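Beneath this line is the structure, given in structure tokens, with notes to follow.
No experiment lies behind these values; they were computed from the predicted model shown. The figures that follow rest on heavy atoms only: side chains count, while hydrogens, waters and symmetry mates do not.
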Number of protein chains: 2
Amino acid sequence: MIKLDKIDHAILDTLQKQGKLSNVELAEIVGLSESACLRRVKNLHEKGVVTHYAAHLDAKAIGLPGTVFVRVSLEKQQEERLNAFEEAVKDVPEVMECYLMGGDVDYMIRVVVKDAPDYERVHNILTRLPGVARVHSSFALRTVLKRTRLPLQKS
Amino acid sequence: MIKLDKIDHAILDTLQKQGKLSNVELAEIVGLSESACLRRVKNLHEKGVVTHYAAHLDAKAIGLPGTVFVRVSLEKQQEERLNAFEEAVKDVPEVMECYLMGGDVDYMIRVVVKDAPDYERVHNILTRLPGVARVHSSFALRTVLKRTRLPLQKS
DNA sequence: ATTGCCTTTGCAAGGACATTGCGAGGCTTT
DNA sequence: AAAGCCTCGCAATGTCCTTGCAAAGGCAAT
């Protein structure tokens with residue numbers, strides 16, 4: 001794990017909130033000169049702490065207001081089956097997150113959709129992925145909170 | 001809903017992948033002049049399609065490799081109770097997502113943590129939020145896929 | 001405490017970029 | 001067909017990014 005001092009934390013915390021901030025503004029916020037600030041940001045990239053920058057869209061504005069949590073159980077828990085499913089699920093663009101779970105369910109998936117009929121389409125895709133035995137869907141009625149800013153405490 | 005043409009889609013799709021792209025590079029990718037491209041990007045901001053830009057961090061690199069899905073049931077489903085819980089959950093920085101769910105569970109929450117002991121701390125916080133009756137936790141064994149790029153199909 | 005080494009900083013300059021105004025072209029409406 | 005509107009490309013100004021270099025700070029060993 002990479003050592004991060006207080007200024008690094010300030011940089012990361014700020015860039016998580018305002019990724020498009022100019023370097024001069026960022027430098028002023030964290031209390032560094034432009035060059036020193038830019039070097040630290042670059043370093044955080046090279047060390048892999050910052051993976052990438054992304055514009056975030058309003059899901060409603062582009063016609064994808066729906067969120068569905070899908071729990072997928074596979075037929076067998078063989079290694080090759082897991083890989084086949086995992087590779088296949090990456091090709092479904094509506095799938096935003098996928099986690100291998102402990103407990104009675106194999107995968108937890110978050111899917112974005114236009115509406116209920118649109119989810120039927122995605123549902124059919126998911127049930128046909130390799131190794132899938134059961135698919136259990138839970139619709140979200142409303143998004144209460146969606147955050148991209150990871151908490152940066154003292155490590 | 002805002003009307004988006006093919007170029008808008010290209011802009012959004014590109015900025016979702018590479019939010020730090022310079023305007024000149026973006027203009028070349030989408031096949032526009034710099035000024036025209038910049039105006040469209042600005043417009044997408046003003047219309048609320050693009051909400052903000054964010055740097056994305058490697059959760060492992062900053063010591064938060066764990067993901068826990070938490071299902072929270074409230075005591076009563078009164079409007080005021082929902083609001084109290086929702087406002088309180090926003091103040092828990094480890095909570096990255098929170099959805100009001102249909103079905104037998106009230107809220108679905110995704111939490112990031114350092115490890116199991118760290119989750120105990122967060123668990124205690126969550127159980128003490130206003131109106132909480134039951135908290136059911138599911139640890140993710142592994143992150144298979146985490147995407148920030150929403151699918152932009154023909155609407 | 002002092003020396004030496006290494007890291008990180010601030011300053012300055014050149015080059016790249018963002019941002020505005022202006023006129024031209026295309027599309028829709030009447 | 002003509003008018004109006006929207007969006008485009010071009011050009012110029014101001015801001016920002018980016019690199020080199022010398023100085024200051026932190027750390028370890030003596």
For [X] and [N], give me the distance from atom [atom1] to atom [atom2], rounded to whole Å.
X	N	atom1	atom2	answer
A:Glu34	D:dT18	CD	P	11 Å
B:Lys6	D:dT7	NZ	C1'	19 Å
B:Tyr53	C:dA18	OH	P	11 Å
A:Leu32	D:dA24	CG	P	17 Å
B:Lys20	C:dA18	NZ	P	12 Å
B:Leu21	C:dA16	CG	P	17 Å
B:Glu25	C:dC17	CD	P	7 Å
A:Ile11	C:dT8	CD1	C1'	12 Å

Practice problem: Could you grab the distance from atom SG of B:Cys98 to atom CD1 of B:Ile109, nearest 0.5 Å is fine? | Solution: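 Reported value, rounded in 0.5 Å steps: 4.5 Å.
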Practice problem: Counting heavy atoms from C-beta on, name the nucleotide in D:dC17, C:dC17, D:dG9 closest to the side chain of A:Asn23. | Solution: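 Comparing D:dC17, C:dC17, D:dG9 against the side chain of A:Asn23, the answer is D:dC17.
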Quiz item: Given side chains that start at C-beta, do those of B:Tyr99 and A:Leu141 come closer than 4.5 Å, heavy atoms only?
Solution: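 No - every pair of side-chain heavy atoms lies 4.5 Å or more apart.
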Quiz item: Donor-acceptor pair under 3.5 Å: do we get one between A:Ser35's side chain and the base of D:dC17?
Solution: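 Check fails, no donor-acceptor contact within cut-off.
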Exercise. Using a heavy-atom cut-off of under 4.0 Å over every strand shown, decide if B:Ser22 touches base, sugar-phosphate, or nothing.
Key: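 Counting heavy atoms under 4.0 Å across all strands, the contact made by B:Ser22 is with sugar-phosphate only.
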Do the two ring centres, one from [X] and one from [Y], sit under 6.0 Å apart?
X	Y	answer
A:Phe139	A:Phe69	no
A:His123	A:His136	no
A:Tyr53	B:Tyr53	no

Quiz item: Contacts to DNA chain C from residues 36-51 of chain A, heavy-atom cutoff under 4.0 Å, which residues?
Solution: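 The stretch gives A:Ala36, A:Arg39, A:Arg40 as the residues lying under 4.0 Å from the strand, ordered by number.
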Quiz item: Ion pair present between A:Arg142 and B:Glu86, side-chain N to carboxylate O less than 4.0 angstrom?
Solution: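 Looking at B:Glu86 together with A:Arg142, the answer is yes, because their closest N to O distance falls below 4.0 Å.
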Exercise. For the pair B:Arg40 and B:Asp5, find out whether any cationic side-chain nitrogen is under 4.0 Å from an anionic carboxylate oxygen.
Key: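 A salt bridge is present here (some side-chain N lies under 4.0 Å from a carboxylate O).
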